[in-house]
Number of protein chains: 2
Amino acid sequence: MLHYARPLARLVAELEKLPGIGPKSAQRMAFHFLRAPHADAERLAQAIMEVKEKIVFCRECFNFADQEVCDVCRSPKRDGTVICVVAEPRDLMAIERTAEFQGLYHVLQGVISPQEGIMPDMLKIKELLPRIQRHNTTEIIVATNPTVEGEATALYLVRLLKPLGIKVTRIAHGLPAGGDLDYADQATLISALQWRREM
Amino acid sequence: MLHYARPLARLVAELEKLPGIGPKSAQRMAFHFLRAPHADAERLAQAIMEVKEKIVFCRECFNFADQEVCDVCRSPKRDGTVICVVAEPRDLMAIERTAEFQGLYHVLQGVISPQEGIMPDMLKIKELLPRIQRHNTTEIIVATNPTVEGEATALYLVRLLKPLGIKVTRIAHGLPAGGDLDYADQATLISALQWRREM
């Protein structure tokens with residue numbers, strides 16, 4: 001049985017390490033590089049290296065940034081009296097895509113998970129307190145995922161912040177837009193009932 | 001609405017150009033690089049560049065190679081009296097994975113497609129003739145895909161090679177292993193009937 005020519009084999013092996021990329025996709029991508037103009041391949045290779053060299057965590061909110069402080073934290077349009085707490089930069093970006101939120105963010109860089117050995121002091125929680133003081137923050141929106149760990153993290157934040165007189169809110173749990181009662185799982189339906197609101 | 005930090009945006013844009021990679025996968029892969037050790041990212045970046053620099057087409061069969069002549073053509077174990085003609089290197093690799101075929105290959109680098117303006121003289125067809133002479137080839141197996149273009153290419157090869165006294169065979173069309181008559185499309189079922197064999 002033939003194997004790939006060595007440089008090709010190496011590339012396929014490296015591509016297979018990427019998340020969600022199996023042998024078939026890795027081969028397809030490797031063949032794409034062989035056909036693609038040299039400049040295209042070079043741009044990707046450089047982009048990979050550049051991201052490793054230039055992307056840091058924002059000193060303020062721990063989002064990804066290419067400067068000491070990220071775009072959101074630097075923007076004069078954003079309102080620090082409301083801070084939205086998320087687990088990961090990707091959650092921040094998901095909320096930014098909605099263009100609905102004008103406050104600041106705080107990225108915990110994970111969620112509390114005793115099973116995985118992730119305790120509160122391993123997350124960027126204590127770093128939130130001086131920010132609340134500086135911005136005279138009145139509301140913290142906890143936008144961790146509606147999972148066991150996400151809820152545990154939300155609860156931890158409530159217990160930490162409420163005694164300081166800060167309003168802590170939680171993003172709503174319920175049926176997704178376009179969802180179908182008939183197809184919803186029980187936990188979602190229970191949430192949708194519990195979170196009901198007067199019309 | 002926030003955009004990615006610039007180096008991250010560039011990487012996501014480059015990743016989205018890859019086949020089968022949408023915005024979500026591109027973001028996931030980019031975030032993977034941010035978390036991954038520097039050495040991992042560097043290995044992939046280098047593998048991409050190396051593949052562009054070192055992979056050439058085999059002078060004999062037009063498969064991918066890291067030398068002038070590819071592994072298959074160089075192997076003393078392979079039997080040149082049978083040559084299997086495929087459209088692309090990936091087809092060659094698919095057949096090699098079966099470990100069933102001990103002959104040589106010939107990669108056309110495409111199929112005849114008048115709609116896309118691909119004519120026989122744009123494929124590696126004429127390059128097949130001196131190889132047939134040199135190896136005293138007695139059989140050409142045409143392993144192009146069972147598509148309109150694949151069949152047209154097979155037919156073209158039959159008309160070219162049969163007058164030279166060479167046996168030209170076609171890979172079988174029929175139901176895939178584990179397939180279900182009930183789910184098979186009509187064209188496949190018709191092929192399966194037409195290609196039937198006495199047991």
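Throughout, a chain's letter reflects where its sequence line sits, starting with A, and its residues are numbered from 1.
Proximity to chain B at a heavy-atom threshold of 4.5 Å picks out nothing from residues 167-175 of chain A. Residues of residues 26-57 of chain B lying under 4.5 angstrom from chain A, judged on non-hydrogen atoms, are Gln27(B), Arg28(B), Met29(B), Phe31(B), His32(B), Phe33(B), Leu34(B), Arg35(B), Ala36(B), Pro37(B), His38(B), Asp40(B), Ala41(B), Glu42(B), Arg43(B), Leu44(B), Ala45(B), Ala47(B), Ile48(B), Met49(B), Glu50(B), Val51(B), Lys52(B), Glu53(B), Lys54(B), Ile55(B) in numerical order.
Linking ILVMFWY side-chain heavy atoms closer than 4.5 Å, directly or via other members, places Leu155(A) and Ile166(A) in two distinct hydrophobic clusters. Both Leu164(A) and Tyr156(A) belong to a common hydrophobic cluster when Ile, Leu, Val, Met, Phe, Trp and Tyr are linked at side-chain heavy-atom distances under 4.5 angstrom. Hydrophobic cluster membership differs between Val148(A) and Val85(A), with clusters built from Ile, Leu, Val, Met, Phe, Trp and Tyr side chains linked at under 4.5 angstrom. Following chains of ILVMFWY side-chain contacts shorter than 4.5 Å, one cannot reach Val69(A) starting from Leu8(B), and the two form parts of different hydrophobic clusters.
Heavy atoms closer than 4.5 Å to chain B are found nowhere in Ile95(A), neither backbone nor side chain. Only the side chain of Gln67(B) comes within contact range of chain A, judged by heavy atoms closer than 4.5 Å.
With sequence neighbours excluded, no residue satisfies salt bridge (Lys or Arg N to Asp or Glu O under 4.0 Å) with Arg159(A).
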Result block: side-chain N/O donor-acceptor pairs under 3.5 angstrom for residues 103-114 of chain B, not counting sequence neighbours:
{"residue": "Tyr105(B)", "atom": "OH", "partner": "Glu96(B)", "partner atom": "OE2", "Å": "2.6"}
{"residue": "His106(B)", "atom": "ND1", "partner": "Arg131(B)", "partner atom": "NH1", "Å": "3.0"}
{"residue": "His106(B)", "atom": "NE2", "partner": "Lys124(B)", "partner atom": "O", "Å": "2.6"}
{"residue": "Gln109(B)", "atom": "NE2", "partner": "Phe62(B)", "partner atom": "O", "Å": "3.3"}
{"residue": "Ser113(B)", "atom": "OG", "partner": "Glu116(B)", "partner atom": "N", "Å": "3.3"}

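Listed options Gln102(A), Glu100(A), Lys17(A), Arg6(A) were ranked by heavy-atom pairs under 4.5 angstrom with chain B; first place goes to Arg6(A).
Taking CD1 of Ile21(A) as the start and OG of Ser25(B) as the end, the distance is 6.5 Å to the nearest 0.5 Å.
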